[in-house]
Amino acid sequence: MVSKSYSNLLELVSGEPPPFFGRMTGRIPRIMTVSGLISDVDDDPSESVCSDPSSSVQRDRIIIVANQLPIRAQRKSDTSKGWLFNWEETSLLLQLKDGLGDDEIEVIYVGCLKEEIHPNEQDEVSQILLESFRCVPTFLPPDLFSRYYHGFCKQQLWPLFHYMLPLSPDLGGRFNRSLWQAYVSVNKIFADRIMEVINPEDDFVWVHDYHLMVLPTFLRKRFNRVKLGFFLHSPFPSSEIYKTLPIREEILRALLNSDLIGFHTFDYARHFLSCCSRMLGLSYESKRGYIGLEYYGRTVGIKILPVGIHTGQLQHALSLRETEAKVAELIRQFTDQGRIMLLGVDDMDIFKGISLKLLAMEQLLQQNPEWLGKVVLVQIANPARGRGKDVKEVQAETYSTVKRINETFGKPGYEPVVLIIEPLKFYERIAYYVVAECCLVTAVRDGMNLIPYEYVISRQGNEKLDKVLGLEPSTPKKSILVVSEFIGCSPSLSGAIRVNPWNIDAVADAMNCALEMAEPEKQLRHEKHYKYVSTHDVGYWARSFLMDLERTCRDHVRRRCWGIGFGLGFRVVALDPSFKKLSMENIVSAYKRTTTRAILLDYDGALIPQGSIDKSPSPKCIDILTSLCRDENNKVFIVSARSREKLAEWFSPCEKLGIGAEHGYFLR
Ligand SMILES: O=P(O)(O)OC[C@H]1O[C@H](O[C@H]2O[C@H](CO)[C@@H](O)[C@H](O)[C@H]2O)[C@H](O)[C@@H](O)[C@@H]1O
């Protein structure tokens, strides 16, 4: 399978074998095992972090950094003290690790816990999470967390990256410098935590999503050669939107302190590149499938590859007894009543377009009365993660639209829209996918959205589910997707009916088209999607990103690096060791060959030795400069930080000598 990522395109033309991620040179973390009070992990010794610090096993190590750790924490109920921790199985970050499927790679996570941990318990919790889960928690004071996450992330960055400008105080949040400072402080706290565990020469660091966009600067400042990747899970907006951000350059420059920056789609990458070009004057090169941005001697790679799902986890859920039972229940509730299920699964936030979908359903029923009593839209709505007024408005509009549709088109025993707001278990959601004839994702903006992928795998099902569904094992599977043009998964789903979610007529038509579609066409579309989704899973994505990261960082050790710039303007100037010292021979031969010469000379360290006590030029120096200036083919300049008075005084004998004093602020 050929990836669309740049490294794989390169392999394709070069005929090289695919790169292997994992070098066995990593050092074991500097962690000691300390017994803890509060943990419910399984006791597989291979799971413990360096339980034997003297062990000689060497593994590659990746530090995965994200706003949230893939951990669920629960206060112990039996005592007033202590916590129980479990893996959050549905977290993409945990699936990523599993997807790497390589025991030679050790993964450490850095991030926040969802629960607030009292300062008195933080050391103990840190130790347990490190030993048992290889997780390093970042504890943030509640007020700082709130200003960083609910303030800057969810009210400012997130809306803007989803194309919402704060045109009025009600629409997202206007830029607020103190929230931005909270964001920067939190990013620094994350960097400090990474520094506690990183082995900078060997470890790879992979930072995730828009919550941590300035973190790369803090890490690069501390370790100039750190091997650092960043993946943006959200959309990267068009430069016309992005450039409204007052801290637009700071964020771009911070991202450029990564070695590899990943995006789900070509468009997001293109937007980022045009921001770098328009706001920082940087140009990029695309050569043989590679996209690289030159930034002070470093080449920052751009990776385009949409994330995938954990198909194994989904297949496991499909094989559960509970899933079969739920599928049977849904068949009784819908199919046996002659109903066709259309399905939507979305967070109830402003960008998921739930209301637009409901309006399209209303229109479908108005314009196609033949579907009345036959079609049901099941809308599963997960709670939003933000907490603004906008979320409440979305909820209110959703409830009132559902009520209106059901009152207008419903009849006893038939509700055209079923809205599910209670949290569903994973297997229950899967059962809905299995039964749904069509899945609709009509978000107005979403970074990726993995719901269509989950739907496709679920519709492929398995033999046991075929029996529950009353299908012959040989029956080809079918599924149909209606997908918004404005979401990251859209380009990868070429068999979906693509819609502009704002165009209610078009979405209603798409629903009708899906309902009327001939079976062989549904099968063909399903087959196409199934092939793609099952081969481009989360493991494929993670391996591909890390291979490219390793490739991008391969010559770090050879590079000579200097850090320059203050604050978020910090960057590293990297030089290839092939930079050569200027030889006397070269200078003499160039001088002889040329007839028009500009000769620019530094002063301290160039015309007088760096450590000399007498800083004035020697008579010999004055003689040489005077004779250089005498040649009409030469323009000779001293360029120095020194004051114009001093330079003018020292070089008064050399009349024709040009002087650039105070770094060129004064010119003679
Ligand atoms: O709400 P947040 O805590 O700020 O997180 C933002 C969203 O992150 C995750 O979604 C994003 O990544 C997914 C995987 O790449 C992608 O499918 C989705 O489109 C992105 O928005 C998370 O799944 C969402 O629940 C969060 O809202």
Side-chain angles (χ1 to χ4, degrees), residues 64-70 88-96 99 111-114 138 140 145-164 172-173 179 183 186-187 206-213 230-237 262-265 267-268 303-310 345-354 380-388 390-391 394 423 426 429 441-455 483-493 533 536-542 544-545:
I64 293 184
V65 193
N67 177 42
Q68 244 174 45
L69 287 173
E88 179 67 79
E89 302 287 346
T90 54
S91 158
L92 185 79
L93 302 180
L94 186 64
Q95 297 172 347
L96 175 170
C112 297
L113 285 167
K114 273 189 224 124
T138 45
L140 306 174
F145 177 78
S146 180
R147 287 187 298 129
Y148 144 77
Y149 181 70
H150 293 293
F152 199 70
C153 289
K154 289 306 269 194
Q155 286 301 312
Q156 307 205 343
L157 281 180
W158 192 66
L160 191 94
F161 275 44
H162 288 74
Y163 285 73
M164 193 167 105
L179 298 183
Y183 180 84
V186 168
N187 276 241
W206 187 3
V207 180
H208 291 260
D209 221 354
Y210 72 100
H211 317 89
L212 299 171
M213 286 190 292
F230 181 93
F231 193 91
L232 185 71
H233 291 264
S234 309
F236 195 96
F263 300 94
H264 287 304
T265 72
D267 282 339
Y268 302 161
K303 167 91 181 166
I304 303 166
L305 187 66
V307 70
I309 57 170
H310 193 302
V345 181
D346 302 277
D347 291 351
M348 194 153 345
D349 67 45
I350 42 175
F351 298 112
K352 297 303 186 297
I354 297 180
I380 299 173
N382 309 314
R385 288 146 73 102
R387 36 154 103 139
D390 43 8
V391 170
V394 170
F426 185 53
R429 184 167 98 218
V441 183
T442 54
V444 294
R445 215 41 90 172
D446 202 352
M448 176 64 190
N449 203 309
L450 293 168
I451 299 297
Y453 286 19
E454 291 182 353
Y455 171 66
V483 161
S484 161
E485 289 167 22
F486 301 113
I487 63 179
C489 63
S490 173
S492 63
L493 295 167
V533 177
H536 292 73
D537 63 0
V538 65
Y540 176 89
W541 169 78
S544 181
F545 186 90

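Indexing begins at 1, ligand by ligand and atom by atom, following the structure's order.
With ligand atoms numbered from 1 in the order given, ligand 1 contributes 11 (C), 12 (O), 14 (C), 15 (O), 20 (C) to contacts under 4.0 Å with heavy atoms of H233. Close approach of ligand 1 to Y149 is summarised as follows: ligand atoms under 4.0 Å from at least one heavy atom of the residue are 1 (O), 2 (P), 3 (O), 4 (O). Atoms of ligand 1 found under 4.0 Å from any heavy atom of G447 (numbered from 1 in listed order, with element): 19 (O). Taking a cut-off of under 4.0 Å to the non-hydrogen atoms of K154, the atoms of ligand 1 that pass are 1 (O), 2 (P), 4 (O). Each of the following atoms of ligand 1 lies closer than 4.0 Å to a heavy atom of H211: 2 (P), 3 (O), 4 (O), 5 (O).
H264 and Y268 have perpendicular rings, their planes meeting at more than 60° on a 0 to 90° scale where under 30° would count as parallel.
When the options F230, F231, F236 are evaluated for a ring-ring contact (aromatic ring centres under 6.0 Å, His included) with H233, the one that passes is F231.
Taking the ring centre of Y163 as origin, the terminal cationic atom of R445 falls inside the region bounded by 6.0 Å and 45° from the ring axis.
By the criterion of a heavy-atom distance under 4.0 Å, the side chain of D347, and not its backbone, is placed next to ligand 1. The residue Q68 has no part lying near ligand 1, judged by heavy-atom distances below 4.0 Å.
When only interatomic distances are considered, the shortest N/O to N/O separation between V307 and ligand 1 does not fall below 3.5 Å. Ligand 1 has no N or O atom lying under 3.5 Å from any N or O atom of N67, backbone or side chain. Ligand 1 has a nitrogen or oxygen under 3.5 angstrom from a nitrogen or oxygen of Y210. Considering both main-chain and side-chain atoms, W158 never comes within under 3.5 Å of ligand 1 through any nitrogen or oxygen pair. Considering backbone and side-chain N/O of H264, one or more are found under 3.5 Å from N/O of ligand 1.
The shortest distance between side-chain heavy atoms of P235 and D446 does not fall below 4.5 Å. Counting heavy atoms from C-beta outward, E88 and L94 have side chains that stay 4.5 Å or more apart. The closest side-chain heavy-atom distance from W541 to L96 is below 4.5 Å.
One option in D446, I451, I487 has a heavy atom closer to atom 21 (O) of ligand 1 than any other, and that option is D446.
From H310, atom NE2 reaches atom CG of D537 across 7.5 Å, with rounding to the nearest 0.5 Å. From I487, atom CD1 reaches atom CE of M448 across 8.5 Å, with rounding to the nearest 0.5 Å.
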### Task
Any chance you could lay out the side-chain contact (heavy atoms from CB on, under 4.5 Å) test for E89 and F426, step after step, and finish with the verdict?
CA-CA 10 Å; E89 302 287 346; F426 185 53; over 6 Å; no
